[in-house]
Novice: 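Can you read through this structure? Questions will come right after.
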There are 2 protein chains.
Amino acid sequence: MIRNSRQRDAIRAAIANAGRPLLPQEIHKLAQQTAPKLGIATVYRNLQALQETGEINQVMIPGDSPRFELAQQPHHHHFKCTQCGEVTTLYACPGKLAELAPEGYQMHSHELTLYGYCGECADT
Amino acid sequence: MIRNSRQRDAIRAAIANAGRPLLPQEIHKLAQQTAPKLGIATVYRNLQALQETGEINQVMIPGDSPRFELAQQPHHHHFKCTQCGEVTTLYACPGKLAELAPEGYQMHSHELTLYGYCGECADT
DNA sequence: TCAATAATGATAACCCATTATCATTAAAAA
DNA sequence: TTTTTAATGATAATGGGTTATCATTATTGA
């Protein structure tokens, strides 16, 4: 039997409001603004639970540990700032990628990450 | 002063002949066919050395540990078989990706990974 | 051939994100 | 309220890739 908790709500809200994929540590910090005593283990526990209910998805950026974002978003990709590390969601896709696969290979999905400087880091 | 070694040659040859990025463990196994007593520490040591000389490059596939491939190849991407895990080099690129970046962002590079079934796994 | 020392092999140590443990707290049904 | 037990918080433990250690081996200039 699943119960509600202030902590899970805080975690859910942090992810929903960010609009970009977050690391567990980022979720921890953000959710602590609502649930100050929140422990990191609870973050991991709830990330797993929310994945199982299909509320959130894992996002892998090359070389990084998993980030989490709301599920049921339209197809999209990500931009990672190589200066500050922030990952932004990009609602765009080059498309027609299946034809890049070799003969006899079957593509079923793809991941694209753009690297560069975010708005803030490009200025300085 | 840098000396030659049968082990380094074996590591270099394994990477050069593969034609696809390899994990340290894969390099270890392959190079052991030439240098049977090769230790894993020597593989890591030489991967670092060969990166410093610019002979090889690191390749990150989302969620995986680093792979290594020959440097100075033309721009390319990778295909990862979700069945057997093999990573293949794709000499193709959708291009025109900078325009996907948000206003005020500066893209300087990108990574694309296609996922699906390789030739062997697609058959079965 | 020989000496100097770079490179190796075996393995212990490390790093760190993630998971397990367990006593305590708090939902929520009765 | 009271009771049941899911959820939490603090922290120890884990796991797997990578690095450090150090005695031994082997390359190479003299």
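Each chain gets a letter, A, B and so on, in the order its sequence line appears, and its residues count up from 1.
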Novice: Please report how far the helix from C/dT1-D/dA30 to C/dA30-D/dT1 bends, comparing the axis fitted to its first five pairs with the axis fitted to its last five, to the nearest 10 degrees.
Specialist: 40°
Novice: Applying ring pair (Phe, Tyr, Trp, His ring centres under 6.0 Å), can you list everything that pairs with A/Tyr44, at least two apart in sequence or on another chain?
Specialist: none
Novice: How many angstroms lie between atom OG1 of B/Thr34 and atom CD1 of B/Ile11, to the nearest 0.5 angstrom?
Specialist: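 Interatomic distance, B/Thr34 OG1 to B/Ile11 CD1, rounded to 0.5 Å: 10.5 Å.
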Novice: Starting from A/Tyr117 and following side-chain heavy-atom contacts under 4.5 Å between hydrophobic residues (I, L, V, M, F, W, Y), which residues can be reached?
Specialist: none
Novice: For residues A/Met107 and A/Ala101, report the shortest heavy-atom separation together with the two atoms involved.
Specialist: CB-CB, 4.4 Å
Novice: In residues 10-23 of chain A, which ones come under 4.0 Å of DNA chain C, going by heavy atoms?
Specialist: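 The stretch gives none, as no residue of it lies under 4.0 Å from the strand.
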Novice: Starting at CD1 of B/Ile27 and ending at P of D/dG17, how long is that distance when rounded to a whole Å?
Specialist: 14 Å
Novice: Ring-plane angle category for B/Tyr105 and A/Phe79, please: parallel below 30°, perpendicular beyond 60°, tilted otherwise.
Specialist: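 Geometry flag for A/Phe79 against B/Tyr105: perpendicular rings.
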Novice: Given side-chain contact (heavy atoms from CB on, under 4.5 Å), test B/Ser65 with B/Leu23 step by step and report yes or no.
Specialist: CA-CA 8 Å; B/Ser65 50; B/Leu23 295 167; 3.9 Å; yes
Novice: For A/Glu120, look at atom CD and say whether over 12 heavy atoms of other residues, nucleotides or ligands are found less than 6.0 Å away.
Specialist: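 Not buried by this count: 12 neighbours or fewer within 6.0 Å.
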Novice: Distance check needed: C/dA7 C1' versus B/Leu50 CG, whole Å only.
Specialist: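 It works out to 13 Å between those atoms.
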Novice: Can you name the residues that form a side chain to side chain donor-acceptor pair (under 3.5 Å) with B/His28, not counting sequence neighbours?
Specialist: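 Side chain to side chain donor-acceptor pair (under 3.5 Å) check on B/His28 returns B/Gln32.
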Novice: Ring centroid separation for A/His110 and A/His108, is it under 6.0 angstrom?
Specialist: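 A/His110 vs A/His108: aromatic centres not under 6.0 Å.
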Novice: Can you check the B/Gln58 CD to D/dG17 P distance for me, whole Å?
Specialist: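 After rounding, the reported distance stands at 15 Å.
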Novice: In terms of side-chain geometry, is the basic nitrogen of B/Arg8 or B/Glu55 positioned less than 4.0 Å from the acidic oxygen of its partner?
Specialist: no
Novice: If I take atom CG in residue B/Leu47 and atom P in nucleotide D/dT18, what distance separates them, rounded to the nearest angstrom?
Specialist: 9 Å
Novice: For nucleotides 17-30 of chain C, give me one character per nucleotide, 5' to 3': B if any protein heavy atom sits under 4.0 Å from the base, S if the only such contacts are to the sugar-phosphate, - if neither.
Specialist: SSBBB----BBS--
